[in-house]
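To find a chain, count down the sequence lines: A is the first, B the second, and so on, and within it residues start at 1.
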Amino acid sequence: MSTNETPAESTDFIRDIIREDLASGKHDGTVTRFPPEPNGYLHIGHSKSICLNFGIAAETGGRCHLRFDDTNPIKEEMEYIESIQTDVRWLGFDWGEDLYYASDYFETLYGWAEELIEAGNAYVDDLSADEIREYRGTLTEPGRPSPYRDREPGENLDLLRRMRAGEFADGERVLRAKIDMASGNINLRDPVIYRIMHVDHPRTGDAWCIYPTYDFAHGQSDAIEHITHSLCTLEFEGHRPLYDWFVEHLSVPSAPRQIEFARLNISSTVLSKRKLLRLVKEGHVDGWDDPRMPTLSGIRRRGVPPEAIRNLIDRVGVAKRDSVVDYALFEHCIRELLNKDAERRMAVLNPLKIVITNYPEGASEELAAVNNPEDPDAGSRMVPFGRELYIERDDFMEDPPKKFFRLAPGREVRLRYAYFITCNEVIKDSDGEIVELRCTYDPATKGGDAPDGRKVKATLHWVSAAHAVEAEVRLYDHLFEVEVPGADGDFVDDLNPNSLEIRSGCKLEPSLGPFVPGEQVQFERLGYFAPDTDSKEGALVFNRIVTLRDTWARIRKQQGR
RNA sequence: UGGGGCGUCGGCAAGUGGAAAGCCACCGGGUUUUGGUCCCGGCAUUCGCAGGUUCGAAUCCUGCCGCCCCAGCCA
């Protein structure tokens, strides 16, 4: 198979800039980086940055580094360093040898701090945090210089060395860059670049008790790694002048360019570590990998293939506008992929027993079922059929409304890959609850076609009662009831109380018994599912990844339920 | 009332002076042994608003309005 068309190049303002830089010879190649702080789990919002950085590197034959921005030991843990690597790999990206840590540069960064002092561009400030805030001024009033602003380089150097040596307590002094206390950009009002923290660092242990801030570490780390384009989110726009200031005033080995883009937001969920942490801590979900969570670990556990996330990111694009992507677009990406890849199976989640009264007692037979109508190579399998079967309760109505085409008293429908059946009798218990249906089948319709050409308006899925495998199936809905949680009030108040529904006693066709964990299946007419990590031998648990598009549900809604 | 950004269909998003791409959602219709898939069609006479420049403006100019970010020794 060949084509003359070149694949449509995804383009956005960042790729445009990079293309120009390459064309003009400003750079020979590209080096990007994904720089998470190891203080939490990655979520789908991060995948935009990951796909962008690794994607651009791949498209331009460059490299993308994975760098942990571990400058604040209070919040960081090795556990996160592990999980982040697992998640990035799962998403489908590889940093090769290029794994770095900002903490690897602590000594170099410290040297640059002394360099700044010697040039009269930094000073040790004895003001307290509160005083610094007061002196900083406000959004509309300029700041005032600290009384320590004009200390001599010699004294500053001595003080910084003593800070490093551990002579002072946390918060007693800080090192500040001497820039402009009257700047309209508050980030330039002598930002703190080193603080004292007598805290062990996950990687450097007790080697340091002073740590550089993000502003003093990030651009310089980029420069050390010869990053050409440092892509970050919009909230860092105001930090760019500072980023550039350090690159200009320090003897760094290269001059990276920071470019900002809008972060990914998705409706009906939240994407901030703070909020996600609260969901876990307050027990609204069962952990970071709860299948309802937008964390990569949660999405993975739910059964979503990583390719679906990459496709979503491609479709969303990259721009500078604050936006909220419709969750439906994500669902579409999942369905689009799984429709093509997932094998079909039959499973009944809410069983209603039917007895085929004219089918011989004790008999059974095997019927051929297609594995994936979208993929002829997927072949077919045999499914057992017998006198007693289960169908979905929703597929029968004693008193059907207009447009309900499924089973009803006196009505004939098709059992997929099996026979036409007609419902003759409805059996109820003493409460009036339907407990069983008595039907007859037409032996001439074996396989699902009537030789006389008669049609039927519905095809139902089913499972033979004698052969069924039992399983628990977990159904998920949006975590939040509103598109933008917390738009008015606490986001927790917008939680969807019905985001999880557990169905036990579900009946699966026997081929699902030994199903391989990690693989996705379509339960015909119901949606895409995957085994949960809670599955055990003989105690299967499936997660619903996403439903199928459901036109009948829409009709029902239009009819007023 | 400081500085930095952003405003194109319900949601994303192209377009950068010469006839408003595409995708999702939604609404029809066809095919169908999944009310799935697939196919066909519809969906911005108008680009936050108001002026101006121009033969011609979403694109240029001016003014206004709205939204987001910044006052951590977080990132």
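If you check every strand for non-hydrogen atoms under 4.0 Å, A:R315 touches sugar and phosphate atoms only. Across all strands shown, A:R406 has heavy atoms under 4.0 Å from base atoms, whether or not it also approaches the sugar-phosphate. Base engagement by A:L127 is indicated by at least one non-hydrogen atom pair under 4.0 Å involving a base atom. Heavy atoms of A:R416 sit under 4.0 angstrom from at least one base atom. Residue A:D449 is in base contact, counting any heavy-atom pair closer than 4.0 Å across all strands shown. Residue A:V546 is classed as having no contact, given no heavy-atom separation below 4.0 Å to the nucleic acid. Residue-level contact check: A:R136 touches the backbone only, with heavy atoms under 4.0 Å from sugar-phosphate atoms and none from bases. A:I132 comes within 4.0 angstrom of a nucleotide base, judged by non-hydrogen atoms across all strands. Counting non-hydrogen atoms under 4.0 angstrom, A:V324 reaches the backbone sugars and phosphates but no base. At the heavy-atom level, A:P36 lies nowhere under 4.0 Å from the strands shown. Among the protein residues, A:V174 comes within range of the nucleic acid bases, having at least one heavy atom under 4.0 Å from a base atom. Across all strands, A:G171 comes closer than 4.0 Å to base atoms (heavy-atom distances). Residue contacts shown for A:S183 are absent, as no nucleic acid heavy atom lies under 4.0 Å away. Nucleic acid contact class of A:F404 (heavy atoms, under 4.0 Å, all strands): base.
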Set out, line by line, the N/O atom pairs under 3.5 Å between protein and nucleotides 41-43 of chain B.
none

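Both distances falling under 3.5 Å, in either a Watson-Crick or a G-U wobble arrangement, occur for no nucleotide opposite B:rA57. Under the Watson-Crick or G-U wobble criterion, with both distances below 3.5 Å, B:rC64 is paired with B:rG48. The partner of B:rU32 cannot be assigned: no Watson-Crick or G-U wobble pair with both contacts below 3.5 Å exists in any strand. For B:rC23, the paired nucleotide is B:rG11, the pair qualifying as Watson-Crick or G-U wobble because both relevant distances are below 3.5 Å.
Distance CZ (A:F405) to P (B:rU34): 14 Å, rounded to an integer number of Å. Note: CG (A:N372) to P (B:rG36) measures 17 Å, nearest angstrom. Rounded to whole Å, the distance from CD on A:E331 to P on B:rU37 is 13 Å. The distance from atom CG of A:L242 to atom C1' of B:rG4 is 13 Å, rounded to the nearest whole Å. Note: CG (A:L329) to P (B:rG11) measures 14 Å, nearest angstrom. In this structure, A:E524 atom CD and B:rU37 atom P are separated by 13 Å, rounded to whole Å. The CG-C1' distance, from A:D215 to B:rA75, rounds to 9 Å in whole Å. Straight-line distance from the CZ atom of A:R176 to the P atom of B:rG72: 11 Å, rounded to whole Å.
Side-chain nitrogen and oxygen atoms of A:R321 include at least one within less than 4.0 Å of the OP1 or OP2 phosphate oxygen of B:rU8. Between A:T71 and B:rA75 there is a side-chain polar atom (N or O) within less than 4.0 angstrom of OP1 or OP2. Look at A:Q522 and you won't find any side-chain N or O under 4.0 angstrom from OP1 or OP2 of B:rU37. The phosphate of B:rG36 has OP1 or OP2 within less than 4.0 Å of a side-chain N or O from A:T551. In this structure, A:R414 does not reach the B:rU32 phosphate: none of its side-chain N or O atoms is under 4.0 Å from OP1 or OP2. Taking only side-chain nitrogens and oxygens, A:H461 never comes nearer than 4.0 Å to OP1 or OP2 of B:rU34. OP1 or OP2 of B:rA13 has at least one side-chain nitrogen or oxygen of A:S323 nearer than 4.0 Å. Taking only side-chain nitrogens and oxygens, A:R195 comes nearer than 4.0 Å to OP1 or OP2 of B:rC74.
For A:R549, the side-chain atoms get nearest to B:rU37 when compared with the rest of B:rU1, B:rU37, B:rC70. Taking only side-chain atoms of A:I555, from C-beta outward, the nucleotide of B:rG35, B:rC74, B:rU37 with the closest atom is B:rG35. Looking at the side chain of A:H332, the nearest of the listed nucleotides B:rU37, B:rC26, B:rA25 is B:rA25. Distances from the side chain of A:K403 to the nucleotides B:rG35, B:rA75, B:rG3 place B:rG35 closest. When distances run from any side-chain atom of A:V316 to the nucleotides B:rC12, B:rU34, B:rA75, the shortest one goes to B:rC12. The side chain of A:H239 approaches B:rA75 more closely than any other nucleotide in the set B:rG2, B:rA75, B:rA13. In this structure, the nucleotide among B:rC24, B:rC27, B:rC69 sitting nearest to the side chain of A:Q558 is B:rC27. Closest to the side chain of A:E374, out of B:rA75, B:rU37, B:rC24, is B:rU37. Side-chain proximity of A:K75 to the nucleotides B:rA71, B:rC74, B:rC73 is greatest for B:rC74. The side chain of A:N72 approaches B:rA75 more closely than any other nucleotide in the set B:rA75, B:rG3, B:rU1.
A salt bridge links A:D395 to A:R525: at least one charged side-chain nitrogen sits closer than 4.0 Å to a carboxylate oxygen. For A:R381 and A:E343, the salt-bridge test fails: no basic side-chain N is under 4.0 Å from an acidic carboxylate O. A salt bridge links A:R315 and A:E336; the closest N-O separation between the charged side-chain nitrogens and carboxylate oxygens is under 4.0 Å.
Across the interface with RNA chain B, nearest-nucleotide mapping of A:L139 and A:R554 shows A:L139 to be the residue nearer the 5′ end. Between A:D70 and A:R335, it is A:R335 whose nearest contact on RNA chain B lies nearer the 5' terminus.
Under the side-chain contact (heavy atoms from CB on, under 4.5 Å) rule, A:Y123 has a single partner from A:L160, A:V174, A:D190, A:L175, which is A:D190.
Between the P atoms of B:rC9 and B:rG22, the separation comes to 15 Å (whole Å).
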Practice item. In sequence, state the C-alpha distance, the side-chain angles, and the governing distance for A:Y194 and A:R173, and then conclude on side-chain contact (heavy atoms from CB on, under 4.5 Å). Key: CA-CA 9 Å; A:Y194 265 96; A:R173 277 169 236 263; over 6 Å; no
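By the 6.0 Å contact criterion, CD on A:E331 is enclosed, its count of non-hydrogen atoms from other residues, nucleotides or ligands being greater than 12.
Side-chain atoms of A:R344 come within donor-acceptor range of the base of B:rU34, with a qualifying N/O pair under 3.5 Å.
Within the 4.5 Å cutoff, the side chain of A:L242 has heavy atoms near those of the A:P191 side chain. Contact annotation: the side chain of A:V413 never approaches that of A:T422 to less than 4.5 Å [non-hydrogen atoms, C-beta and beyond]. Using a 4.5 Å heavy-atom cutoff, the side chains of A:R136 and A:I186 are in contact.
Here OG1 of A:T295 is found 10.0 Å from CG of A:L271. Values are rounded to the nearest 0.5 Å.
Note: A:H201 and A:Y211 have parallel aromatic rings, judged against thresholds of 30 and 60 degrees for the angle between ring planes. Using the six-membered ring where Trp is involved, A:F523 and A:F529 have ring planes that are parallel, under 30° apart on the 30 and 60° scheme.
Once the 5.5 Å centre distance and the 30° plane angle are applied, the aromatic ring of A:Y214 is found not to be stacked with the base of B:rA75.
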